[in-house]
Amino acid sequence: MPLSWNEIKYRAFEFSKQWEHETSEDSEAKSFWDGFFYVFGVTRKRLASFEEPVKKFGDKLGFIDLFWKGVLLVEHKSRGKSLEKAYTQALDYFPGIKERDLPKYVLVSDFSRLRLYNLEDKIENEFELKDLHRNVALFGFIAGYQTHIFKDQDPVNIKAAESMGRLHDQMKEVGYEGHPLEVYLVRLLFCLFSEDTGIFERQQFQIYIEERTCEDGSDLGQHLSTVFQVLNTPIDKRLKNLDEQLFAFPYVNGKLFEELLPTAGFDSVMRQTLLDCCALDWSRISPAIFGSLFQSIMNKEARRNLGAHYTSEKNILKLIKPLFLDGLWAEFEKIKTNKNKLFDFHKKLRRLKFIDPACGCGNFLVIAYRELRLLELAVLRASKDYKQLIFDVHSMILVDVDQFFGIEIGEFPAQLAQVALWLIDHQMNSMVSEEYGLYFARIPLVATGTIFCDNALVLDWKSVFPSDSFTFIMGNPPFAGKKEQDKKQKADFESVCKEIDQSGLLDYVCAWYVKAANFIKGTEIRCAFVSTNSITQGEQVGVLWSWMLHQGVKINFAHRTFQWNNESKGKAAVHCVIVGFASYNIFPKVIYEYEDIKGDPHFISVKNINPYLVDAPDIVLRKRTKPIFAVPEINKGSEATDYGFLFLCQDERDNLISKQPQSERWIKRVYGSDEFINNQIRYCLWLVGISPDELKSMPLVMERVSKVSEARKNSKKNRTKEWASKPYLFTENRQPETRYLAIPKVSSERRNYLPIGYLDADDIATGSLQVVPNASLFHFGVLSSTMHMAWMRQVCGRMKSDYQYSNSIVYNNFPWPGTISDKKIANVEKFGNEVLKIRAKYSSSSLSDLYDPLSMPTDLLDAHHSLDKAVDAAYGKTDFKTETERVAFLFVLHEEITSKSELKRNYGIQNG
């Protein structure tokens, strides 16, 4: 057990006084450094050796004055000698030292001065020996106290995972696998962490392996089994003749070492790999990413992307701060000067309980626990009861890991979550130790986080979590769209969501919302989940949130769409939202808005948050077959179901016409989203109204028609088979007979305006294009505006991150302007026509080029700005500051329109 800082400071003061009056001859260096280590409560002989021989540059043999492998190298000089030269000499030894034994610190001294180099953090500190007692904190790594600022991308995290990954592969190759291997690795991880953070003595585990096991690794498995057994045995229950080195290991408890595992087999290479793991500084490993990072060692493919598989701390804080942390800190700030209220607040922190029902490796639980402990530390500081803390710190720390619960379907991540909670607990205890100068640790483990290794969708939450005793539910349930779910996931999902109409449209994550909504009914529990943004867009909103609102669920805070930054390299970014909800309203409600989805949000206080995460009434858009206004109806283009045989590229068209000229009248330009947006040229055989004799006069066309017939006959769908009798026709003909407005079903999220335009009746639209026959310039102008774009962006579905325009959700629910003057209509038409005229100037450019934010012509952009002003004026509101404000306005308008259908107005049918 480390000494208290007060004791260390006292010893340092006495040590410096003693050596102030010594002759300080070089021959006395050994006594000096024995005394120096004694200051920190450590026996130098156990850790470090004097005059360690090593090869220097040029293969010359040198002797390191004092060497603690993997930790510290000391170069000692006579009083008054250059410390710079001493440091240079110390570095000269490095080439002859094994990589795993390279020190993290270099200390040089001349009896009267000390200079410490922290090589990892690149920090240098120098002071006189008489000031040692003021600088003892620099040597926390000797005393057993060490705190770090953890970084997600700290290279040691990656190194540690890679090293353990190698050991995992080596053990698996010799046949040690499955459950025993997973438990074995978790135990090793705990031991490695323990010897660098003060749970074990410094390097205790490493020294035992080096000194007591054969270099060929043949007996390493037996020794590790014995160590595990010792760690699971209380001190008073151990054999009286137990080996001294083994007896020095503490009793851990916590059931981590309870299970009897098969003895593992090691060889020299595997032993070396484990020692390489020991050489890393495990005190630098962040428990916040500990679990996820090491879960990846179980999968070679995942290991290629190490560092990209964990949920970043920044994203976790986005959820836990508004869920509970901000409120608790605000409460603390109000009462911190009132001792009685502070006492009650401290007790309240102890009563809080947290559930992560898809906890994985425990990332959310770990960060939440750390933040709660930091708040508790602030409470203790505010109480100013230092005397009691110094003598009774154990009783003053109330917050513990037994307040944290999780469900995880995988055994290995569940075990990692358990260990990660212990590790963060120990690190927070170390922080308390530094704060109050008294060593504080919870070993043996008594309290423990509860992680159920079970299927969260099958498990009855109320059977393991009494709902009246929990306060917060949080997490990041798995992302899987309706098409990505495997059979087991679908079955689990259906068992949870069977009572919800059309639940087959929902993403997998929605099952956690349903389970949580049922669990919190009638309680004060608050929930928050990270989810793909699809659950707040498109058709899923109507399915999920109609049910959720009916259960009395209220959304109390939300992060609108942002980019989740823990995705694997090489994969598409995931666009997410965070939804905080409860069965009651909490005020103020807060929306976190992102101007840049990769950046930081700003927050706005609002009156209500609806399922689309805007400040508007709790409206859920239902699918509609007709628009809520008397505007031209929309439909999707025609479906060919031709297996490609009725479509032609430019060369195929030209070749067919050259051989059979009469075919030209039956070949039409065809447009889907790609052809329309990117100006791609494609044709189709449009044989509506052709006579049998004319069709047979074109053998090449007949050949294609025959192939269509054969392909349709082989279809698994009965309806397609029926159309085999009409192989020359599209199976669904929705081609307008007049000029029409074309709206791509899918378009890029990068565009500020929807690329729409007019096509002629002879231009064939396929199913990836939405068509609005008889659309006037007014309709074009409104649909081309920022107002409509804001609506579409909010309520449409997504294909990956691209917009997926839905006629039944987006267009048919769109709230057009109410009763407006002919002058305002004419103004919208005027600027809509101006947009078309300017686009015509750039006839060689595609809509994709024209509407790319990086290449959009300035005159076209100006025309759209003018059009936006005209459309805003038509709505009677021109001072929108944000897109969210626009959407909120439109939702209010939608509610007014749908509740008063008599306000519908026909704008007239005019061709643009």
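The chain is numbered in sequence order, starting from 1.
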Considering residues at least two apart in sequence or located in another chain, which fulfil the salt bridge (charged side-chain N to carboxylate O under 4.0 Å, His left out) criterion with [X]?
X: Asp425; result: Arg373, Arg442
X: Arg115; result: Glu84, Glu124, Glu126
X: Lys341; result: none
X: Glu331; result: Lys348

Side chain of [X], backbone of [Y]: donor and acceptor closer than 3.5 Å?
X: Gln563; Y: Ile597; result: no
X: Asn556; Y: Tyr584; result: yes
X: Arg238; Y: Val230; result: yes

- Item | Non-neighbouring partners of Gln418 that pass side chain to side chain contact (heavy atoms under 4.5 Å, CB included), sequence neighbours left out |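 Partners of Gln418 under the side chain to side chain contact (heavy atoms under 4.5 Å, CB included) test: Trp422, Thr448, Ile451.
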- Item | Test side-chain contact (heavy atoms from CB on, under 4.5 Å) applied to Glu376 and His346, Met396, Met428, the passing residue |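 Exactly one candidate clears the test, His346.
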Could I get the full list of ring pair (Phe, Tyr, Trp, His ring centres under 6.0 Å) partners for [X], not counting sequence neighbours?
X: Tyr10; value: none
X: Phe36; value: Trp33, Phe40, Phe139
X: Trp545; value: Tyr513
X: Tyr612; value: Phe891

Under 3.5 Å, side-chain donor or acceptor atoms of residues 319-330 against the rest of the protein: list the pairs with distances, not counting sequence neighbours.
{"unit_1": "Lys321", "atom_1": "NZ", "unit_2": "Asp326", "atom_2": "OD1", "d": "3.2"}

Anything under 30° is parallel, anything over 60° is perpendicular, the rest tilted; go ahead and classify [X] against [Y].
X: Phe562; Y: His559; answer: perpendicular
X: Phe354; Y: Phe404; answer: parallel
X: Phe452; Y: Phe465; answer: perpendicular

- Could you tell me which non-hydrogen atom of Leu349 sits nearest to which non-hydrogen atom of Gln403, and how far apart they are?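 Taking every non-hydrogen atom into account, O-NE2, 2.8 Å.
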- Item | Minimum heavy-atom distance between Gly522 and Ser583, given as atom pair plus value |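 Shortest heavy-atom separation between Gly522 and Ser583 comes out as N-OG, 4.0 Å.
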- Tell me the salt bridge (charged side-chain N to carboxylate O under 4.0 Å, His left out) pairs involving residues 587-600, sequence neighbours left out?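 For residues 587-600: Lys314-Asp600, Arg560-Glu593.
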- Query: Is any side-chain heavy atom of Phe345 closer than 4.5 Å to a side-chain heavy atom of Leu375?
  - Reply: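 Phe345 reaches Leu375 side chain to side chain.
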Report, one line per pair, each donor and acceptor closer than 3.5 Å where one atom sits in a side chain of residues 130-138; sequence neighbours left out.
{"unit_1": "Asp131", "atom_1": "OD1", "unit_2": "Arg134", "atom_2": "NH1", "d": "2.5"}
{"unit_1": "His133", "atom_1": "ND1", "unit_2": "Lys130", "atom_2": "O", "d": "3.3"}
{"unit_1": "Asn135", "atom_1": "ND2", "unit_2": "Asp131", "atom_2": "O", "d": "2.8"}

- From CG (Leu188) to OG (Ser194), nearest 0.5 Å: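 With rounding to 0.5 Å, CG (Leu188) is 11.0 Å from OG (Ser194).
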